[in-house]
Amino acid sequence: MQVPATFAYERADSVPHALELLERYGPEARVVAGGHSLIPMMKLRLAQPEALIDINGLAAELGRIAVEGDELAIGAMVRHAELLESATATGLFPIFQDAERVIADPIVRNRGTVGGSLCQGDPSEDLSAVFAALRATAVVQGPGGTRTVPIRRFHQGPYETAVAPNELLIELRVPVVPGAGSAYEKVERRVGDWPVAAAGAVLRVEGGVIAQAGIGLTAVGAGHFCAPEAEAHLVGRPPGEEAFARAGRIAAEHCEPHADQRGPADYKRHLAAELTRRALAGAAGRI
Amino acid sequence: MRITVTVNGQPHTRDVEPRLLLVHFLRDELGLTGTHWGCDTSNCGVCTVHLDGVPVKSCTVLAVMADGHEVTTVEGLERDGELDVVQRGFVECHGLQCGFCTPGMLLTARWLLDRRPDPDEAEIREAISGQLCRCTGYENIVRSIRWAAEAQS
Ligand SMILES: Cc1cc2nc3c(=O)[nH]c(=O)nc-3n(C[C@H](O)[C@H](O)[C@H](O)COP(=O)(O)OP(=O)(O)OC[C@H]3O[C@@H](n4cnc5c(N)ncnc54)[C@H](O)[C@@H]3O)c2cc1C
Ligand code: FES
Ligand code: FES
C-alpha cells in the first residue's frame with residue numbers, strides 16, 4: 001500500500017488566498033491541482049511536501065477557455081477533458097484535439113489540468129510540446145504581481161520551470177494565427193501511455209511559401225520542447241514533402257533522446273524525424 | 001481534519017488525516033468495499049468512483065479533496081432495490097468473470113450513457129480505455145454496455 005508522508009492541508013478559495021498560503025508555508029509547500037502527477041510522486045515518497053495548497057476551488061476562476069483580442073486564453077485549472085471538448089480551442093487549433101485524445105485515458109483526463117501538466121515539467125509531457133509549437137505565453141502570478149514568460153523559456157530542465165515556489169501559473173495565452181494549420185503525432189506503447197516520442201506542428205503559408213512554422217517535440221530531449229533549426233529551414237520555402245522530411249531530419253539531429261523502458265535512443269531519434277514530418281504534413285493539410 | 005462527504009446521497013462526517021486516499025476512506029472508514037483497489041498507480045481504474053458526477057480514480061484523490069462534494073460508488077447505482085440498467089446489462093451479457101474490474105466499469109458505463117445515450121463500439125472502447133479487465137477480453141463488457149444503451153432507449 002502506497003501512502004504519502006504526512007503533510008498539512010489547506011484549501012485556497014482565490015488566487016490571492018493561494019499566494020498568501022504559499023507565502024505562509026514557505027518553499028516546502030506545493031499546490032495541488034488534479035494531483036495526478038503530484039499524488040503518485042508523494043505515494044512513492046519521491047515528493048514530500050510539508051503542506052499542500054489545494055487549488056481545486058479555483059476551478060471556476062482559472063478554468064476559462066476564451067478568445068481575447070488576438071489570443072486564446074486557457075486557464076491553468078482547465079482539465080484535459082475540458083480542453084479536448086472545447087470547440088473554441090480545438091476549432092482554432094486542432095492540435096489540441098490530436099494531443100488531448102492521446103494524453104492518459106478519459107478518467108485521468110477528467111482530473112488532470114493544463115497547469116499541472118506544464119508545472120510538472122516532465123520531459124515526456126505532451127502539452128509542453130503543443131504549447132511550444134504554438135509559441136504560447138505563460139501568465140504567472142506571485143506576491144509582486146503578474147508576469148509573463150514565453151513558453152520556450154518556461155521549462156528550465158527536467159521537472160524545473162520558471163514558476164517560483166511562491167508563484168502560481170494562471171493561464172496560457174496562445175496567439176491566434178488566422179489561416180494556420182496544426183497537428184500532433186504521437187507514438188505510445190499502449191493506449192493511455194506517455195509518449196515514446198511525439199511532435200506537434202503549426203504552419204502558416206503566404207504567397208505559396210511558409211511564412212511561419214512552429215515545431216514542438218517531447219520525450220526526445222529537444223531543448224525547451226522545440227526545434228528552432230528545423231523551423232528556420234522551413235520559413236520561406238514552399239510547403240511540401242521534401243521540405244517536411246528535411247525539417248524532420250534537422251529536428252532529429254538537434255535532439256538528445258535517452259534510452260529507457262520506452263525505447264532505445266536511436267529509435268526515438270528516428271521517431272523525432274518521422275513524427276515531425278507527419279505533423280508538418282498534417283498541419284499543411286489543414287490550412 | 002474533519003470532513004463531510006456525501007456518498008450515495010448520505011452525508012458522512014469523519015476525522016481523517018489529509019494523506020488518506022479517497023479509496024481507503026470509502027473502503028475502510030465507510031465500509032463501502034464495492035470500490036476496489038488494485039494497481040495504486042492510477043492505471044487500472046478499478047477504484048473509479050464519481051466525484052460530483054464525473055468518474056475519477058479514487059486512489060489518486062485525497063479524501064480531504066472530496067470534503068463538501070458528492071461521491072457515487074457502485075453501491076449507489078441501485079435505486080429502490082432495482083439494479084441500474086448498466087448493471088442489468090452486465091448480468092445479461094456476462095460482462096464479468098471475477099468481478100474485480102466491474103464496479104469501475106459500471107460507473108464509467110453509467111457516465112458514458114448519461115452523456116451519450118447511443119454510443120457505438122468505438123466510443124465504448126474509448127470510454128473504458130483507462131480500465132483494465134484481466135478476464136473478459138472486453139468483448140462482453142462492450143456488449144453489456146450496448147445492451148444497456150438499447151434497454152434504456
Ligand atoms: C495514468 C496516467 C497517465 C498519464 N499519461 C500522460 C500522457 O500520456 N501524457 C502526458 O502529457 N501526461 C500524462 N499524464 C499526466 C497527467 O496529464 C497529469 O494530470 C498532469 O501531468 C498533471 O496535472 P495535475 O493537474 O494532475 O497536476 P498536479 O499533480 O496537481 O501537479 C503537478 C505539479 O504542478 C504543480 N502545479 C499544479 N498546478 C499549478 C499551478 N496552477 N501553478 C503552479 N504550480 C502548479 C504542482 O505543485 C505539482 O508540482 C498521465 C498521468 C497518469 C496518472
Ligand atoms: S487502484 Fe486506482 S487506478 Fe488502479
Ligand atoms: S472480470 Fe475479472 S478483471 Fe474484469
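Chain letters run A, B, ... following the sequence lines, proteins first, then strands; residues in each count from 1. Side chains are part of it too, since the values below use all heavy atoms of this structure and drop only hydrogens, waters and symmetry mates.
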Are the side chains of [Y] and [X] in contact, using a 4.5 Å heavy-atom criterion?
X       : Y       : answer
A/Tyr9  : B/Arg19 : no
B/Met65 : A/Val32 : yes
B/Leu21 : A/Ile39 : yes

[X], part contacting chain B, at a heavy-atom distance under 4.5 Å:
X        : result
A/Leu52  : side chain
A/Ala104 : neither
A/Met1   : both

For chain B, which of A/Val3, A/Thr6, A/Asp193 has the most heavy-atom pairs under 4.5 Å?
A/Thr6
Most contacts with chain B, counted as non-hydrogen pairs under 4.5 angstrom, among A/Gly192, A/Pro40, A/Ala5
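Greatest number of close heavy-atom pairs with chain B: A/Ala5.
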If you count the non-hydrogen atoms of other residues, nucleotides and ligands that lie under 6.0 Å from CZ in B/Arg116, is the total more than 12?
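No, CZ of B/Arg116 has 12 or fewer neighbouring heavy atoms, counting only those of other groups under 6.0 Å.
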Is A/Arg101 atom CZ crowded by more than 12 heavy atoms from other residues, nucleotides or ligands, each under 6.0 Å away?
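Counting other residues, nucleotides and ligands, CZ of A/Arg101 stays at 12 neighbours or fewer.
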Applying a heavy-atom distance below 4.5 Å, give me the residues of [range] that approach chain A, sorted by number.
range                       : result
residues 67-74 of chain B   : B/Asp67
residues 104-112 of chain B : B/Thr108, B/Trp111
residues 141-153 of chain B : none
residues 26-41 of chain B   : B/Trp37, B/Asp40, B/Thr41

Between A/Lys43 (side chain only) and B/Cys59 (backbone N and O only), is there a donor and an acceptor less than 3.5 Å apart?
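Answer holds: yes.
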Would you say the side-chain atoms of A/Arg111 pair up with the backbone N or O of B/Pro55, donor to acceptor, closer than 3.5 Å?
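Side chain of A/Arg111 to backbone of B/Pro55: no pair is present.
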Distance in Å, [X] [atom1] paired with [Y] [atom2], rounded so as to fall on 0.5 Å steps:
X        : Y        : atom1 : atom2 : value
A/Arg190 : B/Asn43  : CZ    : CG    : 6.5 Å
A/Ile107 : B/Thr60  : CD1   : OG1   : 12.0 Å
B/Gln131 : A/Asp105 : CD    : CG    : 7.5 Å

Least distance between heavy atoms, B/Ala127 atom then A/Pro106 atom
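Where B/Ala127 meets A/Pro106 most closely, the heavy atoms are O-CG, 3.9 Å.
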May I ask you to name which of B/Thr48, B/Ile128, B/Leu62 has the most heavy-atom pairs under 4.5 Å with chain A?
B/Leu62
Give, as side chain, backbone, both or neither, the part of B/Met1 having an atom under 4.5 angstrom from any heavy atom of chain A.
side chain
